Amino acid sequence: MGLEEFVKKKEFLICVDSDGCAMDTMDIKHIRCFGPCMIEEWNLYKWESPILKRWNEINLYTMTRGINRFKGLAKMLREIHDEYTPIDGIDQFELWVETSDELSNSSLQNALEISNNICMEKALSWSKKVNQSIDQLSEEEKRPFEGVKEALKYAHEYADIAIVSSANAKAVLDEWKLYGLLDYVDLVLAQDAGSKSYCIQQLLKKGYKNRNVLMTGDAPGDCQAAMKNGVFYYPILVRKEEKSWQEFKEEAVLRLVEGTYAGPYQSEKIKLFEDNLK
């Protein structure tokens, strides 16, 4: 079921990101898949160690955590172009990243058919290799954080639950289904559904009041999507995920339902989130 067919069932809506938020998959995907596939695609082995370290800083441990894969790639390739070795065709790839309405494999494929740009061609090849590499990770390496299932089960008693993720749709569905998390989900919106901000905007049109909607995520993009749409944000803190999910279940959901999420509690959550990524 997609956005168009989705029908509001409860008065409250909780949107939940996947990688690095519900699923303990973000670190392993970047360390084992995204970064190494980039090194391979552009033959960057000569500078592998500093480039991989920088890739992880951009995508995992700073305020650009959770950035779209193509935005992260464009940022990294620009640094490589300026500091290590020329990247052919980078200007046109950056332009596509900055102007495209949809940053996905299919959108890039369409743009490539028009431009025949070498950097865009390699970016698409890289993205496909990343997906293949992620598929090869074992099931044991793609698990939810401790307490996620119990928290979602509890939250689903009060609210509709929508996955709002920029990750590959097949990966999201496979991972959530494997651990029984989809039992507590009403709608899955992944990379091909549009930006997180767009998805929340469209969900609000289903009849939810802004004060009854909560976005749960681990990255600045999740917070920005919530703020842009005037809904609440609950952060899953990097390296403190289990504790974050415990508080989500024990306090955040009830605050949303009882109408006490706004004000000091929301401000405290955003400050803790920002401080944790500095």
Side-chain angles (χ1 to χ4, degrees), residues 17-20 25-137 141 165-168 171 190-192 195-196 218-222 224 238-239 274 276-278:
D17 179 42
S18 185
D19 285 7
T25 50
M26 196 158 171
D27 281 18
I28 194 169
K29 286 180 180 180
H30 280 284
I31 293 168
R32 293 260 299 276
C33 306
F34 283 95
C37 286
M38 177 185 62
I39 297 294
E40 177 187 349
E41 183 66 43
W42 274 272
N43 190 25
L44 300 168
Y45 295 101
K46 183 177 178 181
W47 311 278
E48 181 173 10
S49 181
I51 286 176
L52 288 181
K53 181 181 179 182
R54 179 62 181 144
W55 175 269
N56 294 334
E57 286 176 355
I58 290 171
N59 291 279
L60 296 174
Y61 305 125
T62 60
M63 287 299 287
T64 48
R65 175 181 170 87
I67 192 172
N68 172 276
R69 66 171 64 185
F70 294 113
K71 288 185 177 181
L73 179 64
K75 182 176 177 64
M76 188 72 248
L77 290 179
R78 173 52 67 182
E79 292 188 12
I80 292 168
H81 179 81
D82 292 342
E83 298 177 24
Y84 298 105
T85 187
I87 301 295
D88 293 340
I90 187 173
D91 291 346
Q92 194 161 355
F93 174 58
E94 285 180 319
L95 181 63
W96 174 77
V97 168
E98 292 166 5
T99 59
S100 178
D101 292 331
E102 178 185 322
L103 296 176
S104 65
N105 283 4
S106 59
S107 176
L108 181 53
Q109 177 69 60
N110 292 337
L112 180 59
E113 290 172 1
I114 298 171
S115 70
N116 200 31
N117 172 266
I118 183 62
C119 190
M120 294 169 73
E121 180 181 343
K122 293 180 77 64
L124 181 60
S125 173
W126 164 80
S127 186
K128 290 178 178 178
K129 286 178 181 176
V130 167
N131 290 347
Q132 292 167 0
S133 182
I134 289 172
D135 286 342
Q136 290 168 6
L137 293 173
E141 294 174 306
S165 168
S166 59
N168 173 267
Q191 184 184 80
D192 55 350
S195 70
K196 292 176 183 178
D218 63 292
D222 303 316
Q224 291 161 10
V238 179
R239 302 185 182 95
E274 292 175 344
N276 197 53
L277 283 177
K278 286 181 179 175

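This one's a predicted model, so the numbers in the text were calculated from it and none came from an experiment. All values below come from the heavy atoms of this structure, side chains included, with hydrogens, waters and symmetry mates left out.
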Can you label the angle between the W55 ring and the W126 ring as parallel, tilted or perpendicular, going by 30° and 60°?
perpendicular

Heavy-atom count check: over 12 atoms from other residues, nucleotides or ligands less than 6.0 Å from K129 NZ?
yes

Applying the side chain to side chain donor-acceptor pair (under 3.5 Å) criterion to R69, which one of N105, N131, N168, N59 satisfies it?
N131

Worked verdict on R239 versus Y61 for side-chain contact (heavy atoms from CB on, under 4.5 Å):
CA-CA 10 Å; R239 302 185 182 95; Y61 305 125; 3.2 Å; yes

Straight-line distance of L112 CG to I114 CD1, nearest 0.5 Å:
9.5 Å

Given side-chain contact (heavy atoms from CB on, under 4.5 Å), test K122 with I87 step by step and report yes or no.
CA-CA 10 Å; K122 293 180 77 64; I87 301 295; over 6 Å; no

Run S133 and R32 through side-chain contact (heavy atoms from CB on, under 4.5 Å) and show every step you take.
CA-CA 8 Å; S133 182; R32 293 260 299 276; 5.8 Å; no

Where is the tightest heavy-atom contact between L137 and K29, given as atom of each residue plus distance?
CD1-CG, 4.3 Å

Smallest heavy-atom separation, E41 atom then S125 atom, equals OE1-OG, 2.8 Å

Which heavy-atom pair separates L73 from A123 by the least distance, and what is that distance?
CD2-CB, 3.7 Å

Could you tell me the separation between the CD1 atom of I80 and the CD1 atom of I51, rounded to the nearest 0.5 Å?
4.0 Å

Side chains of V238 and M26: does their closest heavy-atom pair fall under 4.5 Å?
no

With rounding to the nearest 0.5 Å, note down the distance linking CD in E121 to CD in Q109.
9.5 Å

Strictly below 4.0 Å, N to O, side chains only: are R78 and D91 in salt-bridge contact?
yes

Taking the side chain as every heavy atom from C-beta outward, state whether E113 and M120 have any atom pair closer than 4.5 Å.
no

Taking every non-hydrogen atom, the tightest pair across L52 and I39
CD2-CG1, 3.7 Å

N/O donor-acceptor pair under 3.5 Å between D27 side chain and L60 backbone
no

Indicate yes or no for a side-chain donor-acceptor contact from S18 to the backbone of S165 under 3.5 Å, with no hydrogens or angles considered.
no

Go through the side-chain N and O atoms of S104 and Q191 and say whether any donor and acceptor fall under 3.5 Å apart.
no

Just verifying a value: how many Å separate L95 CG and I90 CD1, rounded to the nearest 0.5 Å?
12.0 Å

Rounded to the nearest 0.5 Å, the CE atom of M76 sits from the CD1 atom of I58 at a distance of 5.0 Å

Between W42 and C119, which heavy-atom pair has the shortest distance, and what is it?
CZ2-O, 4.0 Å

Roughly how far, to the nearest 0.5 Å, is the CG atom of N68 from the CG atom of L103?
4.5 Å

Evaluate the side-chain proximity of Y84 to P50: yes if any heavy-atom separation is below 4.5 Å, no if none is.
yes

Locate the shortest heavy-atom distance separating M63 from P220; write the atom from each residue and the value.
O-CG, 2.8 Å

Ignoring hydrogens and angles, tell me if any N or O in the side chain of T25 forms a donor-acceptor pair with the backbone of D19 under 3.5 Å.
no

